[in-house]
There are 2 protein chains.
Amino acid sequence: MEKFLNLQDHLCFSLYACSRAISRMYRPLLKKLDLTYPQYLVLLVLWEKEQQTVKELGELLDLDSGTLTPLLKRMEGKKLIRRERPKTDERVVMVSLTEEGEALREEAVCIPASLFQSSGMSAEEIGALNETVKSLTERVSRFNSI
Amino acid sequence: MEKFLNLQDHLCFSLYACSRAISRMYRPLLKKLDLTYPQYLVLLVLWEKEQQTVKELGELLDLDSGTLTPLLKRMEGKKLIRRERPKTDERVVMVSLTEEGEALREEAVCIPASLFQSSGMSAEEIGALNETVKSLTERVSRFNSI
DNA sequence: GCTATTTATATTGTGCACAATTAAAATGTA
DNA sequence: TACATTTTAATTGTGCACAATATAAATAGC
């Protein structure tokens, strides 16, 4: 006989609600940059390495082309990125930063601090939570692929 | 000078990716019950208290009517719930379980165990993580409302 | 070199999320 | 009681997520 859990005892719900709460906190900050949260994540990846394929972006962000293709087209429309198929392999779409996209980095650099500030947690606590959550994701994902 | 974080060091991304990974793990289990993850959450709430208003559901799940109204209509279409406006206050929509909705509880009761199993964590560790994440959500949400 | 398979992206369709607006019923107050 | 305000859902529009499918280029085997 399985014990029946309260909504509040479901870790899945806590994580789902927390992720949305953070996204909601970031939204007004990102709106000033005319960005959505997933678009911000794409920029985070490109600020680390300014040219990547759609496939690489998808692997890093764990998003498929059904999500990324229209998202990247919107970002291209805003002149934040370029999308081009290299002559050497026309299956691939290379995504690279424009100057505007690169320049946004300066304006966005303070966004993570808002989570740090609101969390009331120390850098160590945040780091530890991050590692725990990443480890959980990895195990769950591994479980998925079995 | 702010330090620039790697994607993997962003707690916001870890939580976002983890939430989606869990949802992905649940999806095949929920598909057997013809449920989506948010629909499952609505049932979790109704299994605890079998009649609630849309407003109450929204407060518990942190979802607004723009999300809930169409979702609940789909659940009504599947005969899992009833939606009715009480004569005493016709602004309100009361949501209540049908027998089918109540009966799904038995089939869904094992779903949380799949997260427990795949996580490789003890019940204590899961409980502690749950508390940490809930506390973070609360602080972030409070920050939002200032 | 020719075909079969693989790889990378795009398309289509469904279902959330959420901001902004609308609408209708209930309540408060003069 | 009349009218302003508040409460509660519904609607509209945009942008993800993701499964399923399609398409075109590249590579592998023969």
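Throughout, protein chains are lettered first and strands after them, A, B, ... in sequence-line order, and every chain is numbered starting at 1.
Within residues 82-95 of chain A, the residues having any heavy atom closer than 4.0 Å to DNA chain C are, in order of number, A:R83, A:R85, A:R91, A:V92, A:V93. Proximity of residues 12-23 of chain B to DNA chain D (heavy atom under 4.0 angstrom from any strand atom) is restricted to B:Y16, B:R20. Across residues 34-43 of chain A, A:T36, A:P38, A:Q39 each have a non-hydrogen atom less than 4.0 Å from an atom of DNA chain D (numbered order). Within residues 54-68 of chain B, the residues having any heavy atom closer than 4.0 Å to DNA chain D are, in order of number, B:V54, B:K55, B:S65, B:G66. Contacts with DNA chain C (heavy atom under 4.0 Å) in residues 69-79 of chain A: A:T69, A:K73, listed by number.
Salt-bridge annotation for A:K49 and A:E56: present, with a side-chain N of the basic residue lying under 4.0 Å from a carboxylate O of the acidic one. A salt bridge does not link A:K73 with A:E76: none of the charged nitrogens is closer than 4.0 Å to a carboxylate oxygen. In this structure, A:D34 does not pair ionically with A:R74, as no charged nitrogen and carboxylate oxygen lie closer than 4.0 Å.
Rounding to the nearest 0.5 Å places CG of B:L30 at 11.5 Å from CD of B:E107. Here OH of A:Y26 is found 14.0 Å from OG1 of A:T36. Values are rounded to the nearest 0.5 Å. Atom CG in B:L44 sits 7.5 Å away from atom OH in B:Y37 (nearest 0.5 Å). The distance from atom CG of A:D64 to atom CD of A:E59, rounded to the nearest 0.5 Å, is 12.0 Å.
Across every non-hydrogen atom of B:N130 and A:H10, the tightest pair is OD1-O, 3.9 Å. Heavy atoms only, all atoms of each residue included: A:L97 and A:G101 are closest at CD2-C, 3.9 Å.
Counting heavy atoms of neighbouring residues, nucleotides and ligands inside a 6.0 Å radius, atom NZ of A:K79 does not exceed 12 of them.
Side chains of B:L72 and B:V93 form no contact here, defined as non-hydrogen atoms less than 4.5 Å apart. The shortest side-chain heavy-atom distance between B:M94 and B:R85 does not fall under the 4.5 Å cut-off. When side chains are defined from C-beta on, A:M121 counts as touching A:L129, because their heavy atoms get closer than 4.5 Å. Looking at A:S119 and B:R139, their side chains never come closer than 4.5 Å, going by heavy atoms from C-beta outward.
A side-chain donor-acceptor contact under 3.5 Å links A:T137 to the backbone of A:V133. Using a distance-only test at 3.5 Å, with no hydrogens or angles considered, a donor-acceptor pair links the side chain of B:T98 to the main chain of B:L80. Although no hydrogens or angles enter the test, the distance criterion places no donor-acceptor pair under 3.5 Å between the side chain of A:E48 and the main chain of B:N6.
When DNA chain C is scanned 5' to 3' for any atom under 4.0 Å from a heavy atom of chain A, the first and last hits are C:dT7 to C:dA19.
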